[in-house]
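Structure record follows, encoded as structure tokens.
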Amino acid sequence: MPVCEKAYAKINLVLAVTARRTDGYHELQTIYQNLTLHDTLQLTSLAEDKIILTCDDPSLPVGPDNLVWRAAERLKRFFRISRGVHIKLQKRIPVAAGLAGGSSDAAAVLRGLVRLWHLPQDWEELIQLAAELGSDVPYCLFGGTALGTGRGEKITTLAPCPHFYVVLANPGFKVKTAEIYHSLTEADLEPGYDLTPMLRALACGDRNGIVANLSNTLEAAAFRLSPAIRTLKDKLAQKAPSLMCGSGPTVFALFTAQEEAEEAALSLRREGTAVWLTETISQPTAGGE
Ligand code: C5P
């Protein structure tokens with residue numbers, strides 16, 4: 001029997017880069033939030049020892065260059081599995097857009113293979129595997145609303161964020177996460193960033209407090225490299241409180257009223273911008289379907 005998993009997109013309500021590290025990464029304080037927008041993965045066990053990845057987006061690699069493939073290979077090696085797997089990936093989350101699509105797909109493969117092959121649910125080991133695949137893969141294993149520290153891989157689950165309609169707008173080009181991080185200047189860093197007001201707003205379900213405390217250190221670097229991202233954010237910010245997603249280039253706006261979100265999405269779409277109307281999701285189902 002194949003196993004299905006949903007891989008949800010995420011935004012960061014706060015992404016504060018506090019310091020440079022000596023290992024090439026940056027120290028973060030971030031608040032992750034899942035959206036209903038998701039990719040779907042179907043995993044089928046194979047008798048033969050090989051990993052086959054097929055994807056409805058022909059622009060994506062289907063071998064070791066794809067994080068999904070590497071997640072399966074890494075898990076197989078860790079648990080010494082000699083069976084193979086066919087992974088069918090249906091993409092809906094835009095690629096290299098700051099929405100953790102690839103990380104979420106990789107996490108879904110880890111979850112899905114544990115179910116498919118009835119492996120021990122040793123979450124400490126799985127979190128370790130996930131962290132080796134990417135800084136936000138551990139968050140994607142669990143999803144929901146969570147605090148990330150370290151390079152983003154140390155996760156503390158938070159009370160669910162109150163519901164928002166979320167309009168995503170993408171300027172139509174991809175960005176490289178490493179390039180954005182590495183063009184941060186010393187002056188961009190926020191060593192004393194205080195998460196308390198956002199954590200308090202989340203704990204109280206205070207929507208006004210949440211939108212007042214949206215913040216992303218990476219915007220400065222991304223706007224310098226691609227002024228089109230700032231232009232798009234400014235346009236969206238006329239409709240509702242807005243922020244760049246992760247390392248960009250997608251920007252999001254948070255709405256409480258569905259009609260206002262629909263109106264904003266429609267007006268941007270009319271101008272030819274790629275737009276998604278989605279929603280926050282409080283507790284994604286761990287096992288998909
Ligand atoms: O962890 P991940 O592979 O997603 O990171 C991609 C790149 O983004 C890293 O190689 C690094 O250059 C940068 N990065 C960083 N600090 C972080 C996360 C990512 O500098 N906390």
Side-chain angles (χ1 to χ4, degrees), residues 7-35 39 60-61 63-75 78 89 91 93-111 126-143 146-156 173-193 195 198 215-226 229 243-250:
Y8 293 92
K10 66 90 185 127
I11 52 176
N12 303 71
L13 299 173
V14 173
L15 198 169
V17 184
T18 55
R20 280 203 186 94
R21 301 180 6 165
T22 49
D23 60 1
Y25 286 89
H26 291 76
E27 204 61 19
L28 305 184
Q29 296 205 44
T30 187
I31 295 177
Y32 295 108
Q33 174 60 48
N34 266 146
L35 305 177
D39 295 338
L60 290 184
D65 286 346
N66 193 312
L67 197 60
V68 164
W69 194 98
R70 292 207 296 282
E73 194 273 335
R74 193 68 194 81
L75 186 114
F78 182 80
L89 170 60
K91 282 303 290 181
I93 306 172
V95 175
L99 296 163
S103 298
S104 194
D105 294 341
V109 163
L110 297 180
R111 289 195 309 265
L126 289 169
I127 290 168
Q128 180 60 37
L129 285 185
E132 287 167 20
L133 291 164
S135 303
D136 48 16
V137 183
Y139 160 71
C140 295
L141 273 179
F142 304 104
L147 167 67
T149 56
R151 60 183 168 91
E153 91 286 18
K154 294 183 186 144
I155 301 302
T156 309
F173 52 83
K174 295 176 184 173
V175 300
K176 289 205 170 79
T177 303
E179 194 182 343
I180 303 290
Y181 273 101
H182 290 130
S183 65
L184 284 171
T185 64
E186 203 59 40
D188 292 329
L189 301 179
E190 302 187 88
Y193 196 88
L195 271 181
M198 180 58 103
S215 181
N216 184 346
T217 311
L218 296 177
E219 280 189 342
F223 292 175
R224 275 195 301 269
L225 289 170
S226 306
I229 305 175
L243 194 72
M244 187 175 78
C245 302
S247 56
T250 309

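Ligands are counted one by one from 1 in listed order, and the atoms in each one are counted from 1 as well.
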Spatial distance of atom OG1 (T149) from atom CD (Q29) [nearest 0.5 Å]:
7.5 Å
H26 N/O to ligand 1 N/O under 3.5 Å:
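Indeed, backbone or side chain, H26 has an N or O that close.
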May I ask you to check whether D136 has an N/O atom sitting below 3.5 Å from an N/O atom of ligand 1?
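It does not: no N or O of D136 is found under 3.5 Å from an N or O of ligand 1.
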Nearest-option assignment for atom 3 (O) of ligand 1, heavy atoms, candidates G246, G134, A131, G150
G134
How close does the nearest protein non-hydrogen atom get to [atom], and which residue and atom is it?
atom: atom 8 (O) of ligand 1; answer: T177 CG2, 3.4 Å
atom: atom 1 (O) of ligand 1; answer: S135 OG, 2.6 Å
atom: atom 5 (O) of ligand 1; answer: Y25 CE2, 4.0 Å

State whether the side chain of Y32 and the backbone N or O of G152 hold a donor-acceptor pair below 3.5 Å, judged by distance alone.
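Such a contact is found between Y32 side chain and G152 backbone.
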Between [X] and [Y], is any pair of side-chain heavy atoms under 4.5 Å apart?
X: V14; Y: Y193; answer: yes
X: F173; Y: I229; answer: yes
X: T18; Y: L28; answer: no
X: S104; Y: D39; answer: no

Counting only heavy atoms, which portion of Y181 has something under 4.0 Å from ligand 1: side chain, backbone, both, or neither?
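The side chain, only.
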Tell me which part of H182 gets within contact of ligand 1: side chain, backbone, both or neither, using heavy atoms under 4.0 Å.
side chain
With S135, the side chain to side chain donor-acceptor pair (under 3.5 Å) member among K154, H26, R151, E153:
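Single side chain to side chain donor-acceptor pair (under 3.5 Å) partner of S135 among K154, H26, R151, E153: R151.
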Is G152 in contact with ligand 1, taking contact as a heavy-atom separation below 4.0 Å?
no
Going by the atom numbers of ligand 1, which of them fall below 4.0 Å from some non-hydrogen atom of A178?
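Ligand 1 atoms under the 4.0 Å threshold to A178: 8 (O), 12 (O).
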